[in-house]
Peer 1: 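Pasting a structure below so you can have a look.
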Amino acid sequence: MPFSMIPTNASVAYQGYSRRSWLKRSLSALGLMAAGQFRPPGTQAAAQGQSWIAFVSDTHIAADPSKTNHNLNMTENLKKTVRQILAEAIPPKAVLIDGDLALADGQKGDYVQLMKLLAPLSSVGIPIHLALGNHDNRENFREILGDSDLIKSGRVTAIENHHTSDLTIAGLRFLILDSLQRPNFTPGAIGADQAQWLAQTLSNQTDTPTIVYVHHNPDLKTDKALSDTKRLYDAILPSLQVKAVVFGHTHVWNPQGQHEGLKLINIPAVGYPHNPVQPIGWTKFVPIQGGAEVTLSSLDPKHAAHGVTQLLNWR
Ligand SMILES: [Fe+2]
């Protein structure tokens with residue numbers, strides 16, 4: 001079946017209790033869900049045709065479209081992702097891509113190729129917003145994409161050395177951060193200036209549920225992820241309107257992380273997994289009253305996590 005025809009409506013993947021039991025066992029074995037957090041897909045949000053947002057991460061696009069990693073072609077994977085998003089019955093309010101846009105160190109040609117691959121989305125009016133990761137180059141990104149109509153970045157120029165965005169989409173506020181330190185250097189950082197901007201920005205608008213969208217995973221136990229995770233938490237935890245942090249970087253799918261009531265949503269890579277048990281694909285994020293429903297669209301429809309919807313309740 002061509003990928004454009006793969007149904008991302010999870011009801012197709014969910015075909016009765018025995019199927020659900022199998023999925024639960026499979027997902028538990030993969031560490032992809034915690035007990036009691038499973039929800040039959042195709043539920044409330046999808047059934048009501050509500051607004052949704054596509055979360056995409058770690059595309060790792062190379063200037064050369066034949067490049068592969070882990071025997072996977074990243075260009076083909078992003079093409080499949082775009083086709084799947086466009087095949088949805090209702091278009092997304094936006095597509096957010098969470099960094100590691102480029103293959104390794106953010107060559108200008110990587111971003112030229114990225115623009116070509118995203119054009120089918122922008123040509124039908126779907127806004128695209130981008131974060132930067134450790135395999136990006138901020139200067140090259142800005143030179144190729146910064147002023148293009150393709151990328152409606154909402155860039156906040158007050159922080160000149162970071163690419164940040166402050167957006168309202170489907171009733172939620174998204175603050176896209178920039179955790180890139182330097183190209184092809186693995187750990188990320190928020191930094192003092194960006195943390196200060198974040199805290200100030202949050203204090204200016206406290207009544208809108210807010211999602212922080214950043215490439216590196218917040219992890220207080222290692223400095224190989226977001227090296228100043230405590231600084232991030234200090235900036236956002238007192239602002240109770242912040243409901244979740246969405247991140248990529250690990251190439252892992254796990255939407256059920258938590259820190260002091262804050263949801264930690266680890267979205268998978270599109271380009272390739274570090275661990276072959278992990279899915280590659282994108283996430284359908286549907287805001288609902290008091291939370292959200294998230295559904296993985298794996299590029300491999302046979303993956304156990306494909307099409308499974310999970311419920312997140314906000315703090
Ligand atoms: Fe990555």
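First listed ligand is number 1; within each ligand, the first listed atom is number 1.
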Peer 1: Hey, what's the ring geometry for Phe141 with His163, parallel, tilted or perpendicular (30° and 60° as the breaks)?
Peer 2: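 If you compare the ring of Phe141 with that of His163, the planes turn out perpendicular.
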
Peer 1: Please tabulate, for the side chains in residues 186-195, all donor-acceptor contacts under 3.5 angstrom to protein atoms that are two or more places apart in sequence or on a different chain.
Peer 2:
unit_1: Gln194; atom_1: OE1; unit_2: Asp178; atom_2: N; d: 2.9
unit_1: Gln194; atom_1: NE2; unit_2: Asp178; atom_2: O; d: 2.8
unit_1: Gln194; atom_1: NE2; unit_2: Ile190; atom_2: O; d: 3.0

Peer 1: At a cut-off of 2.8 Å, what protein N/O/S atoms sit near the Fe ion (ligand 1)?
Peer 2: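 The answer is Asp58 OD2, His60 NE2, Asp100 OD2, His251 NE2.
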
Peer 1: Report the C-alpha separation of Leu262 and Trp314 in whole Å, then their side-chain angles, then the decisive distance to 0.1 Å, and conclude whether the side-chain contact (heavy atoms from CB on, under 4.5 Å) test is met.
Peer 2: CA-CA 7 Å; Leu262 193 70; Trp314 299 150; over 6 Å; no

Peer 1: Heavy atoms only: give me the nearest Ser203-Gln200 pair and the separation to one decimal.
Peer 2: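 Nearest pair, atom of Ser203 first, then Gln200: OG-O, 2.7 Å.
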
Peer 1: Using the six-membered ring wherever Trp is involved, compare the ring planes of His274 and His251 and label them parallel, tilted or perpendicular (cut-offs 30° and 60°).
Peer 2: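 It falls in the parallel class, under 30°.
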
Peer 1: Can you confirm whether Asn71 is buried at CG, in the sense that more than 12 heavy atoms of other residues, nucleotides or ligands lie under 6.0 Å from that atom?
Peer 2: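 For Asn71, atom CG is not crowded (no more than 12 foreign heavy atoms under 6.0 Å).
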
